[in-house]
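I have placed the structure first, in the form of C-alpha cells, so that the comments after it can refer back to it.
As the structure lists them, so they are numbered: ligands from 1, and atoms in each ligand from 1. Worth knowing before you read on, the calculation uses all heavy atoms, side chains too, and leaves out hydrogens, waters and symmetry mates.
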Amino acid sequence: MSYFTNVNEIAYEGGSSKNPLAFKYYNPTEVVAGKTMEEHLRFAISYWHTFTADGTDMFGRGTAIRGWDHLSGLDLAKARVEASFEFYEKIGAPFFCFHDVDIAPQGDTLQETNKNLDIIVAMIKEYMKTSKTKLLWNTANMFSDPRFTHGAGTSSNAAVYAYAGAQIKKGLEVGKELGAQNYVFWGGREGYETLLNTDMGLELDNLARLYQMAIDYAKEIGFDAQFLIEPKPKEPTKHQYDFDAATTLAFLHKYGLKDHFKLNLEANHATLAGHTFEHELRVARINGVLGSLDANQGDVLLGWDTDEFPHDLYTSTLTMYEVLKNDGLGKGGINFDAKVRRGSFEPEDLFYAHISGMDAYAKGLKVAAKMIEDNVFENILAERYASFKEGIGETIVSGKATLHTLEEYALQNKPFNNKSGRLELIRATLNQYILGDL
Ligand code: XLS
Ligand code: CA
Ligand code: CA
C-alpha cells in the first residue's frame, strides 16, 4: 500500500520551477568540484522525526495525519518501515538514521524489547536488499525511558549503567546487521543538574569506560562503523558533559579515545552552545574529527532545540565550505534531524520540508565550491597572515622563536602596520556569491 499517494518521485527541475514537489537546486547527478551532489551531500532521513513522531509537544497531543495512525505495537512498527522505504525512494534519499526505540516497540523486559527489534531489523534488512537507501547511522535511545532519569553511562545507579551497556551491545549488533556506516553516541541525559549530589569525576570515568567497552565489542564482532559523539550543551540536562566540539575533544584526549571517534555535529546544538555551526565544524576539522552532520537549525528567537529543517543559506554555504576543505565527510553524511512544525501536519509537508533542506544544502555546496575555486577566503587569509611568511613571523611559525628573539625584535620599535580586517567588504562579497552574481 502507499502512504504518500499524492506524491511521485521528486525530480530536479531547476531554480525557475514553481512546482513545490520538485528540487530547485539539488540535482543528484550534477558534478560539483569533481563529485556528484549525491556523493558530496550524503543526505539522510531521520526515522524518529519523519516516521515516529506525531507532533506531540509539552502543551498538547500530536497533530500529524499519517497513514499508520490507526495501528499499534508491532503492526505500527511494520507499517512505518513500509512507509519509510516509500519515502526514501520518492525523495531519493541515499541514507537513513534511527534510534532503537524509533523502529520497534519496547517490551516489558530487555528480552522482549530485543525480540521486537529483531523482527523489525529483519524486515528493514529485507527492504534494504532492493532499495538504494543505506543506513548512515543507528544509535541507542538512552534518555527517554524513566530508568535513565539520572543518566545512562553517567548514571549514579550501576544497574542502569549495565542496562545502557546491554542496549549499546544490541545497537552495535543491529548496526552490523544492517551495514551501518557509523554508530552515534548522543549523551541525552549524560550531564547533571547540580553538583550538590554529583560525583563528576566518577561519572566521566564511567562514561569513558562504557565507550571503551563499545570499541572492544565492535572489534569483537567485526563491526567497522565510524564511532561518532554528538555534542550538545543543554537539554535535557542543565550541564551536558559533551557541551560542544572542543569540550568533547578534551574528553576524548583525556581518556585516550581520540583515535576511535569523530564528531557528529548538529547546527541547532551549535547555536545552543553559543557558537555558529561553522565554528563547530572548524574546531572538528582542524583537529581531524569532523565526522558527520545533523543539519537541522534552531530559531535565534527561541532558546531551545527546535530542530527545524535548514533554510539559512549563509550557514549551509559556510558549512559546505568546511566540508569541502575537509575533503568530504568520509563515512559521514548530512542527516536531517529535523521535524516539520506542529502546524504542518499533512504527509506532503514531510516532502516540502526535505526538499527545502536538500535545496538549501545543494545551493550551499555550489556557492562554497565556487568560492573555493576563486580562492576567496584563501586570498583573504594569505593577505591577513602575510606577516608570518617572513622575518619574525617566519621565525615564530618555524618554532625557532624564544622570548629573547621576540624581545629583540620588539626593541627595534618598528611600526606595527596593522591592516583593516575588511569584514563588511567580505560580507558583501559573500552576498554576491550567494546571490549568484559572481
Ligand atoms: C537530540 C539529538 C538526538 C541525536 C541522536 O537533541 O539531536 O536526536 O541526534 O540521539
Ligand atoms: Ca537537536
Ligand atoms: Ca541530532
Side-chain angles (χ1 to χ4, degrees), residues 43-53 56-58 95-103 135-145 148 151-154 164 167-168 170-172 174-175 180-191 207 210-211 214 225-245 248 261-275 277 280-281 284 290-300 302-310 312 315 319 329 332-341 353 357:
F43 287 129
I45 311 299
S46 71
Y47 204 96
W48 53 103
H49 285 308
T50 310
F51 309 111
T52 315
T56 299
D57 73 7
M58 252 128 85
F95 295 100
F96 68 111
C97 304
F98 63 80
H99 302 82
D100 43 9
V101 307
D102 307 329
I103 61 167
L135 183 55
L136 185 67
W137 50 261
N138 65 309
T139 183
N141 176 327
M142 306 192 303
F143 44 90
S144 294
D145 192 276
F148 297 120
T154 60
Q167 217 180 317
I168 292 173
K170 184 70 180 171
L172 296 173
V174 165
Q181 311 221 349
N182 306 269
Y183 186 86
V184 163
F185 296 87
W186 172 57
R189 302 215 181 251
E190 315 296 20
L207 186 60
L210 194 60
Y211 286 153
Q226 171 67 56
F227 276 10
L228 300 167
I229 294 185
E230 183 177 326
K232 181 172 181 178
K234 49 190 153 194
E235 281 190 49
T237 59
K238 184 158 72 175
H239 303 274
Q240 297 261 155
Y241 287 131
D242 299 326
F243 186 93
D244 61 0
T248 308
F261 287 90
K262 287 190 174 175
L263 303 183
N264 181 41
L265 297 170
E266 182 183 302
N268 203 158
H269 298 179
T271 46
L272 286 175
H275 301 307
F277 196 25
E280 288 294 85
L281 270 85
L290 178 50
S292 200
L293 306 180
D294 276 7
N296 41 298
Q297 67 174 65
D299 183 324
V300 285
L302 301 173
W304 65 89
D305 196 13
T306 56
D307 286 339
E308 296 180 24
F309 279 86
D312 174 353
T315 298
T319 297
L329 291 168
I334 299 180
N335 173 42
F336 293 111
D337 185 358
K339 55 184 173 218
V340 286
R341 297 305 87 190

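- Of the protein's non-hydrogen atoms, the one nearest atom 8 (O) of ligand 1 is Asp337 OD2, 2.9 Å.
- For the side-chain contact (heavy atoms from CB on, under 4.5 Å) criterion with Asp337, the lone passing option out of Asn268, Asp305, Asn296 is Asn296.
- At least one heavy atom of Asp305 lies less than 4.0 angstrom from ligand 1.
- Considering only heavy atoms from C-beta on, Tyr183 comes within 4.5 Å of Asn138 through its side chain.
- The Ca ion (ligand 3) forms the vertex of an angle spanning OE1 of Glu266 and OE2 of Glu230; to the nearest 10 degrees it equals 90°.
- The angle subtended at the Ca ion (ligand 2) by OD1 of Asp305 and NE2 of His269 is 100°, given to the nearest 10°.
- No other N/O/S atom of Asp307 lies as close to the Ca ion (ligand 2) as OD1 does.
- With ligand atoms numbered from 1 in the order given, ligand 1 contributes 9 (O) to contacts under 4.0 Å with heavy atoms of Asp294.
- Within Asp337, OD2 is the N, O or S atom that lies nearest to the Ca ion (ligand 3).
- Taking the six-membered ring where the residue is Trp, Phe96 and Tyr47 present tilted rings, their angle falling between 30° and 60°.
- In this structure, Ser292 and Leu136 have side chains that are in contact, with non-hydrogen atoms separated by less than 4.5 Å.
- For Phe227 and Tyr211, the ring centers sit 6.0 Å or farther from each other.
- Within Asp294, the N/O/S atom positioned nearest the Ca ion (ligand 3) carries the name OD2.
- When side chains are defined from C-beta on, Asp100 counts as touching Gln167, because their heavy atoms get closer than 4.5 Å.
- Close contacts between ligand 1 and Glu266 involve ligand atoms 7 (O) [criterion: under 4.0 Å to a heavy atom].
- If you check the side chains of Asp294 and Asn335, you find a donor sitting under 3.5 Å from an acceptor.
- Nearest residue to atom 9 (O) of ligand 1 from Met142, Glu230, Lys232, Glu235 is Glu230 (criterion: closest heavy atom).
- For ligand 1, the atoms lying closer than 4.0 Å to a non-hydrogen atom of His99 are 5 (C), 10 (O).
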Decide side-chain contact (heavy atoms from CB on, under 4.5 Å) for Glu280 and Glu266; before the verdict, give the C-alpha distance in whole Å, the side-chain angles of both, and the deciding distance to 0.1 Å. CA-CA 9 Å; Glu280 288 294 85; Glu266 182 183 302; over 6 Å; no
